[in-house]
Structure formats: C-alpha cells, structure tokens
2 protein chains.
Amino acid sequence: MVRYMSNNNTMPIEQLADIFKALSNPNRLKIFLLLTTCCSPGTVGIYDKSADVDTMFIGDLGKELEVGKPTVSHHIKELRRVGIIRTERRGQNIACWVDPDIIEQLRTFFTR
Amino acid sequence: MVRYMSNNNTMPIEQLADIFKALSNPNRLKIFLLLTTCCSPGTVGIYDKSADVDTMFIGDLGKELEVGKPTVSHHIKELRRVGIIRTERRGQNIACWVDPDIIEQLRTFFTR
DNA sequence: TTTAATGTTCGAATATTGTCAAACAATAAA
DNA sequence: TTTATTGTTTGACAATATTCGAACATTAAA
C-alpha cells in the first residue's frame with residue numbers, strides 16, 4: 001500500500017499548519033527560495049562554511065522583493081516565528097539562513 | 001555545499017504558494033492527513049487497490065472535523081482547486097484521494 | 001412519486017493578513 | 001558628536017479567509 005505521510009510525525013497539527021502558512025505568501029516563499037538557492041553566480045548570497053548554510057542579509061533579500069522595508073521585516077519575523085529561518089546580527093546587517101532541521105522535517109512529512 | 005531546494009523546479013512560485021496556502025488551514029491539513037493516513041484500524045478509510053491510493057468520502061471526512069457541511073465543502077473545493085486532491089462521485093457519496101504526483105513534487109521541493 | 005441522505009452554492013458576519021507611512025532603535029562612519 | 005545605514009515597531013487600511021444558516025441539487029430508497 002502506498003503511504004505518503006510519515007507516521008512518526010511528532011509535530012502538532014497547528015504548528016505544521018503555521019509552517020505552511022508562512023510559506024503560503026509569495027514574498028515569504030521567495031525569501032525562502034532566495035535563502036536556499038542563493039549562491040548562484042550574480043547573487044549576493046554567501047555560503048557560511050562554519051554553519052554549512054547559505055546566508056543573506058535582510059537588506060539584500062528586500063532588494064529582490066517589491067515591497068517596503070516594514071513589510072520585509074514583518075515577513076522575516078513571521079518566518080522566524082515558525083522556525084523556518086534563523087537570524088544573527090553582523091554589524092549593521094542581519095544575516096538570515098534557513099534552519100536545516102525544518103527542511104528535513106518537511107521532507108520527512110511528504111515521504112513514505 | 002548543502003542545498004535544500006531542487007533546482008529543476010518547474011512550478012511557478014505563485015502556484016507553489018497556493019499549494020502551501022491550501023495546507024495552511026488546520027481543517028484542510030487534517031483532511032490531507034486523514035486522506036494520507038486513513039486506513040488504520042477503526043477508521044472509515046478505504047484502500048483503493050485499482051488506483052493505489054487511500055480514499056474517504058466527504059461525509060466521513062466531515063465527521064472528523066468540527067465544522068459544518070458548507071465549510072467542509074469549501075475546504076474540499078480549495079484542496080481540489082490547487083490540485084492536492086481529486087474527487088469522484090460514487091452513488092450518494094463523493095470519494096476523495098490525494099494526488100500522488102503533488103506529494104512527489106513537494107518531497108522533491110524539500111530535497112537536495 | 002415521495003422521502004431521505006449527501007453535498008454545493010449563496011450571502012453575510014467576523015477574523016486574519018498584507019501592506020504602507022511615520023517614527024523609532026541600533027550600529028557604523030565621518 | 002553628528003550623520004548615514006540598516007532594520008523594527010506602531011497604527012491604520014484594504015483585501016482575503018473562515019465560518020455559518022438557508023436554500024438548492026443530486027442520488028438512492030421507500
């Protein structure tokens with residue numbers, strides 16, 4: 001029998017719905033995509049070797065979206081609230097990256 | 001370098017966001033979960049061998065949710081609009097199942 | 001042909017979301 | 001210390017989403 005969902009899913013349904021809600025807004029989804037495919041030539045993405053993740057500054061993310069700074073800030077806050085991204089101040093800028101664990105959980109969710 | 005997103009992702013960003021939006025409502029997410037883990041003992045789910053998918057009737061799905069019939073109907077319509085589920089009338093009832101292709105695309109999206 | 005069961009559509013009420021402008025905060029540079 | 005850069009918070013408004021009751025549609029059963 002084909003089964004698509006993992007049985008050993010420990011995350012509450014409300015929390016999972018919240019994660020999908022965060023990814024349901026086109027601008028937030030773009031941020032997510034920028035952070036997970038950001039290191040192509042011509043982009044400003046940086047591969048952080050020590051953390052083994054791609055990072056971008058919030059300002060550079062904002063330049064890729066056609067919304068104002070408050071809106072970018074709001075979306076970043078929302079992505080962080082549900083645990084999709086993590087942030088860290090670096091001087092004037094704030095670096096962002098996607099939490100690898102969340103990706104792994106989502107892949108597991110859609111597997112088996 | 002770690003990469004989480006598939007590069008050969010052909011789906012438009014708006015369409016992908018729409019799929020996540022469909023899964024972002026707790027009641028719709030429950031429907032999705034009922035349809036993908038529905039055949040445990042004690043449930044009304046049916047494994048359709050010819051289609052190789054789990055199916056449930058809309059009425060039985062509704063009994064698991066604490067909302068009225070119009071709301072269930074609305075959610076089913078939304079899940080079908082974005083391509084997550086498919087439906088088919090069987091006598092008085094309407095059978096639902098999750099489209100296997102969508103699951104595969106979502107797993108691919110969160111892979112690599 | 002009635003009646004029952006299952007599901008949809010419509011219209012409306014309420015709640016949530018996305019966005020901006022203005023003001024504020026924190027850091028770095030001059 | 002003054003100014004520039006980067007990002008956040010607040011308050012407001014418009015657009016969407018969620019849900020329901022009432023009415024309607026479709027199929028099966030009596």
Side-chain angles (χ1 to χ4, degrees), chain A residues 13-35 38 44-46 55-82 84-97, chain B residues 13-35 38 43-46 55-97:
Chain A
I13 203 164
E14 302 284 346
Q15 188 181 336
L16 191 53
D18 247 20
I19 291 171
F20 289 132
K21 186 180 338 185
L23 295 175
S24 77
N25 175 274
N27 282 317
R28 283 194 298 263
L29 185 55
K30 276 178 202 165
I31 292 173
F32 179 84
L33 288 169
L34 285 167
L35 287 174
C38 72
V44 292
I46 294 170
T55 68
M56 281 181 79
F57 295 136
I58 289 180
D60 292 325
L61 287 169
K63 286 170 193 159
E64 304 291 327
L65 311 178
E66 295 176 347
V67 290
K69 281 195 299 181
T71 302
V72 174
S73 183
H74 166 69
H75 287 322
I76 292 288
K77 192 176 183 179
E78 193 60 18
L79 287 167
R80 195 175 41 192
R81 184 182 68 80
V82 304
I84 291 180
I85 69 171
R86 299 172 62 87
T87 62
E88 181 184 273
R89 179 173 281 278
R90 292 184 189 164
Q92 270 175 313
N93 303 293
I94 292 180
C96 299
W97 65 95
Chain B
I13 204 164
E14 302 285 346
Q15 189 182 334
L16 192 53
D18 246 21
I19 290 171
F20 289 133
K21 184 176 346 184
L23 295 176
S24 77
N25 175 276
N27 283 316
R28 282 193 300 264
L29 185 54
K30 276 178 202 164
I31 291 173
F32 179 85
L33 288 169
L34 286 166
L35 288 174
C38 73
T43 69
V44 293
I46 294 169
T55 69
M56 280 181 78
F57 295 135
I58 288 180
D60 292 324
L61 288 169
K63 285 170 194 160
E64 304 291 327
L65 311 179
E66 295 176 349
V67 288
K69 282 195 299 180
T71 302
V72 174
S73 184
H74 167 70
H75 287 323
I76 291 288
K77 192 177 183 179
E78 194 59 17
L79 287 167
R80 195 174 42 192
R81 184 182 69 81
V82 303
I84 291 180
I85 69 171
R86 299 171 61 87
T87 61
E88 181 184 273
R89 180 173 280 279
R90 291 184 189 165
Q92 267 175 314
N93 303 294
I94 292 181
C96 298
W97 65 95

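Each chain gets a letter, A, B and so on, in the order the sequences are listed, and its residues count up from 1. When reading the values below, keep in mind they use all heavy atoms of this one structure, side chains included, and skip hydrogens, waters and symmetry mates.
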Within the side chain of Arg28(A), is there an N or O that forms a donor-acceptor pair under 3.5 Å with the backbone of Ala17(B)? no
Any donor-acceptor N/O pair, Ser73(A) side chain to Pro70(A) backbone, under 3.5 Å: no
Between atom [atom1] in [X] and atom [atom2] in [N], what is the gap in whole Å?
X	N	atom1	atom2	result
Phe57(A)	dT5(D)	CZ	P	17 Å
Glu78(A)	dT17(C)	CD	P	7 Å
Lys69(B)	dA22(D)	NZ	P	13 Å
Phe20(A)	dA17(D)	CZ	P	18 Å
Leu61(B)	dT6(C)	CG	P	14 Å
Arg81(B)	dA17(D)	CZ	P	8 Å
Leu79(A)	dG18(C)	CG	C1'	14 Å
Lys30(B)	dT18(D)	NZ	C1'	14 Å

So if I take residues 85-97 of chain B and measure heavy-atom distances to DNA chain D, which residues fall below 4.0 Å? Arg89(B), Gly91(B), Gln92(B)
Would you please confirm or rule out a distance under 4.0 Å between OP1 or OP2 of [N] and any side-chain N or O of [X]?
X	N	result
Thr71(B)	dC20(D)	yes
Lys77(A)	dT9(D)	yes
Arg28(B)	dT18(D)	yes
Asn25(A)	dT17(C)	no
Lys21(A)	dT17(C)	yes

Indicate yes or no: at least one non-hydrogen side-chain atom of [X] is less than 4.5 angstrom from one of [Y].
X	Y	result
Phe57(A)	Gln92(A)	no
Arg81(B)	Asp18(B)	yes
Val82(B)	Leu23(B)	no
Ile76(B)	Val72(B)	yes
Leu65(B)	Thr71(B)	no
Thr55(B)	Arg90(B)	yes

Point-to-point distance, once rounded to the nearest 0.5 Å, from CG of Leu79(A) to SG of Cys96(A):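 Leu79(A) atom CG to Cys96(A) atom SG measures 8.5 Å (nearest 0.5 Å).
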If I take atom CG from residue Leu35(A) and atom CG from residue Leu61(A), how far apart are they, to the nearest 0.5 angstrom? 5.0 Å
Heavy atoms from C-beta onward define the side chain here; which of dT9(C), dT19(D), dA22(C) lies closest to that of Ser73(B)? dT9(C)
Can you give me the bend angle of the helix from dT1(C)-dA30(D) to dA30(C)-dT1(D)? Use the axis through the first five pairs and the one through the last five, nearest 10 degrees. 20°
Is His74(B) touching bases, backbone alone, or none of the nucleic acid, heavy atoms closer than 4.0 Å?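 Result for His74(B) = base.
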